Colleague: 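I have a structure I would like to understand better, so I am pasting it below and will then ask my questions one at a time.
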Amino acid sequence: MQAGIRDTIAQQIGHTLARTDFDWLGRKYEGKVRDNYSAGDRRFIIVTDRLSAFDRVIAPIPFKGQVLNEMAAFWFERTGSIVKNHMLAMPDPNAMVVRECQPLPIEVVVRAYLTGVTSTSIWTQYQQGARVFCGHKLADGMVKNQPLPEPIVTPSTKAEKGGHDESVSAEEIVRRGLLSPELMEQVSEVSLALFRFGSELLAKHNLILVDTKYEFGLCNGELVLIDEIHTPDSSRFWIRDTYEERFARGEEPEKIDKEYLREWLASQGFRGDGEIPEIPTEVIVETAYRYLSAAERIMGRELDLQVGDVASRLEANLRRFLSEGR
Ligand SMILES: Nc1ncnc2c1ncn2[C@@H]1O[C@H](COP(=O)(O)OP(=O)(O)OP(=O)(O)O)[C@@H](O)[C@H]1O
Ligand SMILES: [Mg+2]
């Protein structure tokens, strides 16, 4: 990591990308973290610096958008032989141009560990007595954060805005007519192959891929990986070399990225409801530092961090991209 990185992060605090309003780019759809602009057969995904936790947008974190976007690109570039993906170009560190696809109506979660804290997570369900999760049998006597015998595919339905996603078995996805049996099979195989690839690469960097979520679409009848892949927003990563020892002692694994801010918020009594606490500068800097160090560790290179207004740089880069007729 570069010397003075924390100073660079602190200098960027006033310049983060919290929102965009590029109506000239296409039809806008705003997620919690990303702004999507659809323009015919392609889409511009702007990864903002917004951080979401407990299902709320908490605060902009310096360089977070760039980190997530570059990480997704890193994985897209390396997994093309497993499955096609939507990436076309990266006109700016915070933007990706992608092929517009017909999204499949499910999210594909792959899990390698018995963990999680939300009501729908596999550990919560197990603790409450469930011994089948999304069609997978689970042995008695397992404990929190234990590895599953092998990674499992646990699809969830995509609820309409405001609704709650539902975890179901692959059979149930087919039974509800959401996917054909053949497509469900293909999606499961591809997801497990992506997960295996990700786990092996991360293991070399002392990380565990705990669980992750993939989204797929169809483009000209072909299966295409869309959305993002193996980013801290779609995945959980644990530190590998301390895992065994901590697990044996019944301690929580060392987690990276968002967990730090989540725990800070929880220590202030915030768990998603009510007013978001004011976040001190040093907590913002530490959060950004953790995102950056994780990304650099995974990608094996330093990121080119430019202190300055992201919005104006982004707009200039996007306008140039369009004017070049690309
Ligand atoms: N190439 C693509 N073609 C079509 N749709 C896509 C493509 N890539 C991503 N999408 C869809 O665009 C939407 C992006 O939304 P986004 O992830 O930003 O917000 P969200 O899913 O509504 O909420 P959250 O912020 O909780 O993720 C998702 O529904 C995703 O499936
Ligand atoms: Mg999403």
Side-chain angles (χ1 to χ4, degrees), residues 17-22 25-61 64-69 71-73 75-77 79-80 83-91 94-110 118 120-121 155-167 173 178-179 183 187 190-191 194 211-236 257-258 261-262 272 276 314:
L17 186 69
R19 58 186 306 272
T20 68
D21 202 359
F22 300 153
L25 207 50
R27 194 164 34 84
K28 185 179 179 185
Y29 168 85
E30 189 175 306
K32 281 195 286 294
V33 171
R34 289 168 296 170
D35 291 349
N36 288 251
Y37 294 88
S38 294
D41 58 1
R42 63 185 186 180
R43 161 187 295 244
F44 294 83
I45 299 182
I46 313 299
V47 191
T48 72
D49 291 324
R50 300 192 291 264
L51 179 143
S52 83
F54 302 109
D55 262 340
R56 298 272 300 275
V57 175
I58 306 296
I61 301 296
K64 174 177 178 274
Q66 175 176 353
V67 164
L68 264 81
N69 197 40
M71 248 174 150
W75 290 108
F76 280 136
E77 280 163 8
T79 54
V83 63
K84 285 207 166 136
N85 63 62
H86 69 171
M87 182 168 68
L88 294 172
M90 246 177 86
N94 289 67
M96 194 181 285
V97 188
V98 304
R99 281 205 287 169
E100 181 74 30
C101 302
Q102 191 60 252
L104 300 185
I106 65 166
E107 295 189 342
V108 187
V109 180
V110 180
T118 63
T120 54
S121 75
S156 85
T157 60
K158 277 195 206 172
E160 295 295 309
K161 235 184 170 162
H164 283 288
D165 296 354
E166 197 188 344
S167 293
I173 296 289
L178 295 170
L179 260 58
L183 191 54
V187 160
V190 164
S191 299
L194 290 171
D211 44 38
T212 194
K213 180 214 71 178
Y214 304 111
E215 293 187 40
F216 296 92
L218 292 175
C219 206
N220 303 324
E222 252 187 321
L223 186 69
V224 176
L225 179 64
I226 64 171
D227 211 54
E228 60 186 327
I229 164 173
H230 300 165
T231 70
D233 276 2
S234 68
S235 320
R236 246 185 290 233
D257 313 313
K258 213 194 266 193
L261 189 64
R262 226 189 254 132
I276 297 167
L314 179 61

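Every number for a ligand or one of its atoms is a count from 1 in the order of the listing. Residues take their numbers from the sequence shown, with the count starting at 1. Quantities reported herein were computed from a predicted structural model and do not represent experimental measurements. Values below: all heavy atoms of this structure, side chains included; hydrogens, waters and symmetry mates excluded.
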Colleague: Give the atoms of ligand 1, by number and element, whose distance to some non-hydrogen atom of V98 is under 4.0 Å.
Modeller: 1 (N)
Colleague: Does ligand 1 have an atom under 4.0 Å from some heavy atom of E30?
Modeller: no
Colleague: Could you check whether any side-chain heavy atom of F76 comes within less than 4.5 Å of a side-chain heavy atom of H86, counting everything from C-beta outward?
Modeller: yes
Colleague: Could you go through the salt bridge (Lys or Arg N to Asp or Glu O under 4.0 Å) check for R50 and D233 one step at a time?
Modeller: CA-CA 11 Å; R50 300 192 291 264; D233 276 2; over 6 Å; no
Colleague: If you round to the nearest 0.5 Å, how far is CE of M96 from CZ of R34?
Modeller: 9.5 Å
Colleague: Does an N or O anywhere in C101 fall below 3.5 Å from an N or O of ligand 1?
Modeller: yes
Colleague: Which value, rounded to the nearest 0.5 Å, describes the distance between I276 atom CD1 and I58 atom CD1?
Modeller: 4.5 Å
Colleague: Residue-level breakdown please: for V224 versus ligand 1, do any non-hydrogen atoms fall below 4.0 Å on the side chain, on the backbone, on both, or on neither?
Modeller: neither
Colleague: Any sub-3.5 Å donor-acceptor pair from T157's side-chain atoms to I106's backbone N or O?
Modeller: no
Colleague: At what distance, to the nearest 0.5 angstrom, does CZ of F216 lie from CG of L194?
Modeller: 5.5 Å
Colleague: Could you tell me which atoms of ligand 1, counted from 1 in the order shown, lie closer than 4.0 angstrom to a heavy atom of R99?
Modeller: 1 (N), 2 (C), 3 (N)
Colleague: Any atoms of ligand 1 less than 4.0 Å from a non-hydrogen atom of K158? List them with their elements.
Modeller: 31 (O)
Colleague: Between Y214 and H230 (judged by ring centroids, cut-off 6.0 Å), do the two rings come close enough to count as a pair?
Modeller: yes
Colleague: Relative to the heavy atoms of K32, which atoms of ligand 1 are at a distance of less than 4.0 Å?
Modeller: 24 (P), 25 (O), 26 (O)
Colleague: With atom 30 (C) of ligand 1 as the reference point, say which of R42, E100, K213, E215 has the nearest heavy atom.
Modeller: E215
Colleague: Does ligand 1 have any atom sitting under 4.0 Å from a heavy atom of G217?
Modeller: no
